[in-house]
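Report on the structure given below.
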Amino acid sequence: MGFYESMGLSPLINASETYTGLGGSLMDEETLRAMCEAGRGFVDMAALTDRVCDRAAQLTRNEAAFVTTGASAGLALSAIACMCGMDERQHDMVPDASGFQKNEIIVFDGAFRGLIPYWRLIGLTGARIVAVEPTIEAAIAAHRESTAAIFLFPGALYEADVPNCEEAIPAFKRAGMTVVVDAAAQLPPASNLWHYTTELGADLCIFSGGKHIKGPQSTGLIVGKRALIDACRLSACPNARIGRAYKTGKEELAGFITALGRFVAEPEEARYRRQMDILSEIDRYLTANAPVTTQFSREGRLGTHQPLLFVTMPPGKRAADLNAYTRSLHPPIDVGVYGPEFGRPENLLFLNAYNLTGDQAQVVAKAVCDFVNQ
Ligand SMILES: *Cc1c(COP(=O)(O)O)cnc(C)c1O
């Protein structure tokens, strides 16, 4: 019996997304081995952290990097760094930021704020969140002495009604603002690991380790300017400050840096082709066995560089009902259902091969056919 079965659960097949609620992604064998090895010996943790962070900076072509417990921790630590800099007395006072010279963080207002709850994490630090009309001019006008930074959230859905990073970051840098980007799920391409910072000029950028990078689910990465990364570390574990709540163990550090190395080393076309091969197999089975129409998308749900297979079922067959059906199977399968915020038809589903292996293609395709044909 496997571990999940011993807990009375069935491991499921993930044909949808690197959702946190499904376990994010799966670590490769080499990553799992690194975690096991790290768990077998003691080490000087400060030195391990230095080495891992230096290596992460190198792999992501950034000046500096810090490995933390998730993009969420990255949001909090970045906000603290922008408010406190290297002032240790202020780091000690977080989350009472009321007396700080810089204690306000700007975010764009707009429809996306209701869809993406992550901006609220900035508030953990005591920062006052200032939501401005989503234009570059309004954000620059709101920038004043007490502004610590502006935080941006790229992604096709989130940027639907706000200026995108390509326009906004250079404009905010010209206006002298500190810019932090939460690009937690904006991978692949791996080049996004340096796009927002070294190419567009953002001061810090944050990624999830447990989504597309395929590291431990409890890891995250902050990359960018050395001074701000050093400031993040002042509040981070092992210091007994707010970031002590975000402790990365030796196992996570080992797993994360191994996964990151593998992620940046995989050629983009190979990663894309691997997913395309799986989706093509599903597509052939579906179109031969069920009255559906299919279409390949060259973009992921949030605009990432990965293929998706769109499947339109006959009218009346709802993607949400399909998912309820496939989740009841053994093994359960999670298929891609667009939430209402995407404004897609109810009979459209998406299939994503990022977390699929070749031998799961037939299982997924057959389950979809069985639902459509029943
Ligand atoms: C997933 C996500 C987060 C949270 O990331 P964790 O690594 O799970 O903490 C933050 N911001 C965005 C935009 C995300 O997609």
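In this text, all values refer to a predicted model and were calculated from it rather than measured experimentally. Ligands are counted one by one from 1 in listed order, and the atoms in each one are counted from 1 as well.
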Among all the protein's non-hydrogen atoms, which is closest to [atom], and how far away is it?
atom	result
atom 13 (C) of ligand 1	D182 OD2, 3.4 Å
atom 3 (C) of ligand 1	Y118 CE2, 3.3 Å
atom 1 (C) of ligand 1	K211 NZ, 1.3 Å
atom 9 (O) of ligand 1	S72 OG, 2.7 Å
atom 7 (O) of ligand 1	S208 OG, 2.5 Å

Donor-acceptor pair between S16 and D334 side chains, under 3.5 angstrom: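 Yes, side-chain donor-acceptor contact under 3.5 Å.
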Apply salt bridge (charged side-chain N to carboxylate O under 4.0 Å, His left out) to the pair K317 and D321, showing each step before the final yes or no. CA-CA 7 Å; K317 294 278 184 186; D321 295 335; over 6 Å; no
Any ion pair linking [Y] and [X] (charged N to carboxylate O, less than 4.0 Å)?
X	Y	result
D50	R233	yes
E17	K211	no
K225	E63	no

Side chain, backbone, both or neither: which part of I206 comes within less than 4.0 Å of ligand 1 when only heavy atoms are counted?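 I206 to ligand 1: no contact under 4.0 Å from either part.
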For F350 and Y338, take the angle between the two ring planes, folded into 0 to 90°, and tell me which bin it lands in: parallel under 30, tilted 30 to 60, perpendicular over 60. tilted
May I ask you to list the atoms of ligand 1 that are less than 4.0 angstrom from any heavy atom of [X]?
X	value
G70	7 (O), 9 (O)
I116	13 (C)
A185	15 (O)

Contact (N/O only, under 3.5 Å) between A184 and ligand 1: no
Quick check on the 6.0 Å ring-centre criterion: do Y354 and H212 meet it?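 Yes - the distance between ring centres of Y354 and H212 falls below the 6.0 Å cut-off.
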